**Q** 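Supplied in C-alpha cells, the structure appears directly below.
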Amino acid sequence: MGITGADLVDTAPAAPTFAEVIPRVRARLSAGTARTYGTHFDLLESRWPDRSLTEPTRHELEELDALILRFHLETACRRGGALALRPQDLDRDQCLVFLREKGGSDRWQPVSPTLMRHLNDHATDRGAPFSGQLLRYRHGRPITTRRYDYIWGRISESLPWVATQGVTAHWLRHTTLTWVERTFSYAVARAFAGHRGKSSGTTDTYVKSHLQEVAAALAVLTGEPHPLARGVGHPAATPTRDLRLTEFDLPTA
C-alpha cells in the first residue's frame, strides 16, 4: 500500500516561527494597537525570527521584567532612575547603585547582593557600554518607558484591578517606602526615598538617617545580609518571612 511505519505515527504539526506569525498578527491589529506593540514585535522579529512560538522558555520571556520590578521594589526609585542606570553606576563591592533622578537629584542606594549580581550579569550579557544605559533587550537595544506599559499590561491580564486603579512603578516606590517607615522610622524612609536634601518642616532638620541604616532596612526587606549593614542594631533587624521581599524573586545561584 506504500505506507511506512513513520506514516502511522501521529505527529503534531510544527509550530510556526515568529517571522511567519508576526506579520499576520500585525495585519489584524488596529493602527493604535499596532503602534503600542510595535516595539515588541520588532524585537521578536529581530531576535527570534527562525524560532518557533513554542521554543522560548518562560524564563527568557520574564527575566527582564522580573529584574525591573525587583529593582524598583528594592530601591524605591522612580522610573527615570532605572532608565538612567549605567554599568558605571554599580559599586559591586559595597552593593550600591548610583541613582540619578528628577530635578538633578542623585544618591547612592543599597541593593541586595543577589540584585547586584543580576544587574552585573545583565549588563554583560546585553553588551551595555560602561557609560551607556544598563537595562536592555536581548539584542542590545536600551529599554524605554514602553517596557513599563508592556509590564503593567501583562499584569493586568491576570489582575484586572491593576488597570482599573492605574497601577504604575510609582506604586512600588510607595509600597516599599511605607513599609520602611512603619518598620523602621520616618528618618530611614526619607533617606531610602532620596529626600535627604529636602525639608518639609523644622522636624526634618533634626531627623536624619545614614546610608548604613538604609542598608539595614534593605537587608530586612530582602532577607539578605548587606555589607554596609553590619553592626547596625535595630529592633526589626531580624528578618521574618512576613517582612521579606518574596515577590519577583531572582535566582540566588
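Remember, predicted model here, so these are calculated numbers, not experimental data.
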**Q** Please answer whether the main-chain N or O of Arg117 pairs with a side-chain N or O of Asn120 as donor and acceptor at a distance below 3.5 Å.
**A** no

**Q** Among all residues two or more places apart in sequence or in another chain, which pass the side chain to side chain contact (heavy atoms under 4.5 Å, CB included) test with Ala19?
**A** Thr17, Pro49

**Q** Cation-pi between Arg51 and Phe18: NZ/CZ under 6.0 Å from ring centre and within 45° of the ring axis?
**A** no

**Q** Report the distance from atom CZ of Arg70 to atom OG of Ser112, rounding to the nearest 0.5 Å.
**A** 5.0 Å

**Q** For His210, is there any backbone N or O sitting under 3.5 Å from a side-chain donor or acceptor partner on Glu213?
**A** yes

**Q** Rounded at 0.5 Å granularity, tell me how far CZ in Arg141 sits from CZ in Arg126.
**A** 12.5 Å

**Q** So does Cys77 get a backbone contact from the side chain of His72, meaning a donor-acceptor N/O pair under 3.5 Å?
**A** yes

**Q** Under a 3.5 Å distance rule, please check whether Thr183 uses its side chain to pair with a backbone N or O of Val180 as donor and acceptor.
**A** no

**Q** For the side chain of Glu45 and the backbone of Ile22, is there at least one donor-acceptor N/O pair under 3.5 Å apart?
**A** no

**Q** Indicate yes or no for a side-chain donor-acceptor contact from Glu74 to the backbone of Leu115 under 3.5 Å, with no hydrogens or angles considered.
**A** no

**Q** Do Val220 and Phe184 come close enough that some side-chain heavy atom pair is under 4.5 Å?
**A** yes

**Q** Kindly say whether Glu20 contributes a backbone atom to a donor-acceptor pair with the side chain of Arg24 at under 3.5 angstrom?
**A** yes

**Q** Going by the angle between their ring planes, with limits at 30° and 60°, are Trp161 and Trp171 parallel, tilted or perpendicular?
**A** tilted

**Q** How many angstroms lie between CG in Leu211 and CZ in Phe192, if you round to the nearest 0.5 Å?
**A** 10.5 Å

**Q** Check the pair Phe71, His118 against ring pair (Phe, Tyr, Trp, His ring centres under 6.0 Å), reporting the backbone distance first and the verdict last.
**A** CA-CA 10 Å; Phe71 186 78; His118 281 275; over 10 Å; no

**Q** Rounded to the nearest 0.5 Å, what separates atom CH2 in Trp179 from atom CG in Leu221?
**A** 4.5 Å

**Q** Would you mind reporting whether Leu90 and Leu119 have side-chain heavy atoms less than 4.5 Å apart?
**A** yes

**Q** Could you tell me the separation between the OG1 atom of Thr178 and the CZ atom of Arg173, rounded to the nearest 0.5 Å?
**A** 10.5 Å

**Q** Are Phe98 and Asp106 close enough that some pair of their side-chain heavy atoms sits under 4.5 Å apart?
**A** yes

**Q** Please answer whether the main-chain N or O of Pro160 pairs with a side-chain N or O of Thr164 as donor and acceptor at a distance below 3.5 Å.
**A** yes

**Q** Below 4.5 Å, heavy atoms only, C-beta onward: do Arg100 and Arg107 meet side chain to side chain?
**A** no

**Q** Within the structure provided, determine whether Leu64 and Arg147 are in side-chain contact (heavy-atom separation under 4.5 Å).
**A** yes

**Q** Would you find a donor on one side and an acceptor on the other, under 3.5 Å apart, between the side chain of Gln133 and the backbone of Ile143?
**A** yes

**Q** Tell me whether Arg92 at atom CZ has more than 12 heavy atoms from other residues, nucleotides or ligands lying less than 6.0 Å away.
**A** yes

**Q** Say you draw a straight line from OG1 of Thr144 to CZ of Arg79; how long is it, rounded to the nearest 0.5 Å?
**A** 9.0 Å

**Q** Keeping Ser158 on the side-chain end and Ile155 on the backbone end, is there a donor-acceptor pair under 3.5 Å?
**A** no

**Q** If we only count heavy atoms from C-beta on, is the Leu172 to Leu69 side-chain gap below 4.5 Å?
**A** yes

**Q** Does some side-chain heavy atom of Asp89 sit less than 4.5 Å from a side-chain heavy atom of Val97?
**A** no

